[in-house]
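Read the numbers this way: they start at 1 and go in the same order the structure lists the ligands and their atoms.
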Amino acid sequence: MGTQGNADYRDSGLVFPDGFIFGSATASYQVEGAAQEDGRGPSIWDTFSHTPGKVWNGDTGDIAADHYHRLDEDLDLMKSLGLHSYRFSIAWPRIQANGRGPANPAGVAFYERLVDGLLARGIRPIATLYHWDLPQALEDEGGWANRDTAYAFADYARIMGEALGDRVDTWTTLNEPWCSAYLGYGSGAHAPGRTDGAAALAAVHHLNLAHGLAVTALREVVSNDPDFSITLNLHVLRGEGESGPEAVRQIDALANRVFLGPLLDGAYPADVFNDTRGVTDWAFILPGDTEIIHQPLDVLGVNYYSTTLVRVWDGVSERQNSDGHKDVGGSPWPGADRIEFMQQPGPYTEMGWNIEPAGLEELLVSLHESYPNQPLMITENGAAFVDELVQGLDGPAVHDEERTDYLRRHFTAAHRAMARGVDLRGYQVWSLMDNFEWGYGYSKRFGIVHVDYDSLARTPKDSAKWYAELIANGVLPPAND
Ligand code: FCB
């Protein structure tokens, strides 16, 4: 039995084009562990996860999936699944313990070993420079609310470009700057846990700037003609009732256009300045910044999990706040105090996120319509469900039908978008293995490979086997039911 609903998104036999890049993704703090080894400095996530009450169950990334020590085993696992690509992130504090100064050779060596190990197995390295683990020393100087952090990031990008710029296939500057800015500095649900709307909006701009500076720095030092990219978690918005369109406009500006505008059009959307004028005057945007941010992108990375339903609060009824993020009190939406986030129809994943594959098709098509010449890549999609490790005749197994069904529906959606003309280059399933799910710790499992957190043993789930079959044939396997 699969998940109910959305039955029309369960096609079988769909053929993906030759060259479509099937891969899987992880992020440094979520999988590596070895938090204090080989000269790694503390990141904001070390500080945050070690602060009581910030992460469920007091979980930390100290050990995580121990990927740092199990690199060869994990590389072999990727090879056995037939992955075409592996999207990983580089821990900035392994490279520069305090976020500045010369590279730490041991940190660089780990990523050289990772990239060389991928290439030796015929797997493309897709490297993300920043998946949220800011060196704590830079946070102590103001973090992403401080303009200097963008320049420090460009220096770090240059170091990595010099080290791996002959081997990495795709450089992604930032993963989901929305989360870094609004969850890190607005709601406080993520590290560094600040709750200051003005700082969150400054962080938005400095992250955009960091992207532009990093691409510029990388271009100067790489030698193998890689793709440059950034990954965004664009919000697929639906409006409810009469006020729906206005609510959608406001959240679209804050969540999507504040990134897409400067990145792809070379300008911030004017309405975001107006909507947030009670929070900040945006004086942190200096002349020339938008030109720096506006770099050609070889591929735009898209992370998609679910949709968002909004309306303008009437000021009378009980305020709805189901925006799908851990609610810790602060708002991730500076200047949008009157917007309500509505509960959406199920089915849901274990995160409480609604399962809506049509949203992925809609997102890809709308990006293609707005930016017809922009190649796209799904850099994350996947789902957390409660998994049970069982002992079968052939050894341990996880029969995760719901995850397989979720993936089937979303691959179907991606295929439909391609049939409508979207230039979609590939799909990186989140995640290769169970890992530290930020504020939720180890309570949510997204992996297609199960990790036993006591023994650290890896067990490919049924979804991994299903994915391996899809990759091997380039065709969506038939459904079981
Ligand atoms: C995304 C993050 C990724 C993971 C998934 C579930 O927002 O980029 O690290 O936590 O959500």
Using the six-membered ring wherever Trp is involved, compare the ring planes of [X] and [Y] and label them parallel, tilted or perpendicular (cut-offs 30° and 60°).
X      : Y      : value
Trp353 : Phe446 : tilted
Tyr130 : Phe153 : perpendicular
Phe88  : Tyr111 : parallel
Phe259 : Tyr182 : perpendicular
Trp438 : His190 : tilted

Note to self: As a test of reading the model: which residues have a non-hydrogen atom less than 4.0 Å away from ligand 1?
What the structure shows: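 Only Gln30, His131, Trp132, Asn175, Glu176, Tyr305, Glu380, Trp430, Glu437, Trp438, Phe446 have heavy atoms that fall under 4.0 Å of ligand 1, ordered by chain and number.
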Notebook entry, point to check: Does a donor on one side chain and an acceptor on the other come within less than 3.5 Å for Tyr268 and His205?
Noted result: yes
